[in-house]
Amino acid sequence: MSIDLAFPNTQAAVLDLDSTAKDTLDYETDLHEGTTTVKIVSASPSLTDDVDGSQTEVSDVTVTLESVIEPEEIKYVGAAVPSINVVTLSPTSLVLKGPAPYGDFLVALQGLVYVNNASQPVIVTRVISFVVQDGPFCSDPVYTRITMRPVNDQMPVVKLDDP
């Protein structure tokens, strides 16, 4: 006599913000001073069920700027994805709400940007977290790190021999 036991998936889907980067699920990018907007997900994210591949939908993805330093926000600027609602919780936190297929979430994630409207941004790395909710289960957070790159401002030239 044999008994077959089937256990339901007890893990959330896994979001990889840059599937081309080895050994990490996170994404890193730069924002150069004088530029106000940068995408916060790579051109090649992935969303998978790392247990058995049986899951094909996600409930929602929560996106949050971890510490707010100045006038900055997270925005959705992509085309509408009919199966996903974008719910803005605050200027620095939003939820992509389904349920929707993995592919729809990947399209929606491509429409997310970080915006910094400060005239002289504070030069520290910004961290944005992403948590996937898959039914009753939440994923471990993955992160985008945005390195603020200052512009080399030229020093004024003073001529001492001017009359």
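The model shown is predicted, which means the values in this text are computed figures rather than measured ones.
Between Leu96 atom CG and Leu112 atom CG the span is 5.5 Å, to the nearest 0.5 Å. Here CZ of Phe105 is found 7.5 Å from OG of Ser59. Values are rounded to the nearest 0.5 Å. Here the straight-line distance linking atom CG of Leu17 with atom OG1 of Thr20 works out to 11.0 Å at 0.5 Å rounding. With rounding to the nearest 0.5 Å, the separation of CD in Gln120 from CD in Glu33 is 6.5 Å. Atom CG of Leu94 and atom CG of Asp60 lie 11.0 Å apart (nearest 0.5 Å). Within the model, atoms OG1 of Thr29 and CZ of Arg149 stand 9.5 Å from one another, a figure rounded to the nearest 0.5 Å.
Considering all non-hydrogen atoms of both residues, Met148 and Tyr114 come closest at CE-OH, 4.4 Å. Closest non-hydrogen pair, Arg145 versus Thr125, comes out as CB-CG2, 3.9 Å. Smallest separation of non-hydrogen atoms from Val58 and Ala13: CG2-CB, 4.2 Å. In terms of heavy atoms, Val131 sits closest to Ser139 at CG1-O, 3.6 Å. When all heavy atoms are compared, the tightest approach of Leu47 to Tyr102 is O-CD2, 3.1 Å.
Side-chain contact between Arg126 and Asn116 is present, with at least one heavy-atom pair separated by less than 4.5 Å. Looking at heavy atoms from C-beta onward, Asp18 lies out of side-chain contact with Glu28 at the 4.5 angstrom threshold.
Linking Ile, Leu, Val, Met, Phe, Trp and Tyr whenever their side-chain heavy atoms come within less than 4.5 Å leaves Val113 and Phe130 in two separate clusters. When the side chains of ILVMFWY residues are joined at heavy-atom separations under 4.5 Å, either directly or via intervening members, Tyr27 and Val107 end up in a single hydrophobic cluster. Ile123 and Ile69 fall into different hydrophobic clusters, where Ile, Leu, Val, Met, Phe, Trp and Tyr are joined by side-chain heavy atoms under 4.5 Å apart, directly or via other members.
The main-chain N or O of Ser46 is never found under 3.5 Å from a side-chain atom of Asp16 such that the two would form a donor-acceptor pair.
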Please set out all donor-acceptor pairs under 3.5 angstrom arising from side-chain atoms of residues 73-89, sequence neighbours excluded.
| residue | atom | partner | partner atom | Å |
| --- | --- | --- | --- | --- |
| Tyr76 | OH | Ala79 | O | 2.6 |
| Ser83 | OG | Asp104 | OD2 | 2.5 |

Donor-acceptor pairs are to be reported for all side-chain atoms of residues 34-41 against protein atoms at under 3.5 Å, with residues two or more places apart or in another chain.
| residue | atom | partner | partner atom | Å |
| --- | --- | --- | --- | --- |
| Thr35 | OG1 | His32 | O | 3.4 |
| Lys39 | NZ | Gln110 | O | 2.6 |

Output a table of donor-acceptor pairs, distance under 3.5 Å, between side-chain atoms of residues 61-68 and any protein atom two or more places apart or on a different chain; print 'none' if there are none.
| residue | atom | partner | partner atom | Å |
| --- | --- | --- | --- | --- |
| Thr64 | OG1 | Ser93 | OG | 3.3 |
| Glu66 | OE2 | Ser129 | OG | 2.5 |

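Residue Val142 forms a side chain to side chain contact (heavy atoms under 4.5 Å, CB included) with just one option from Leu25, Ile128, Thr24, and that option is Leu25.
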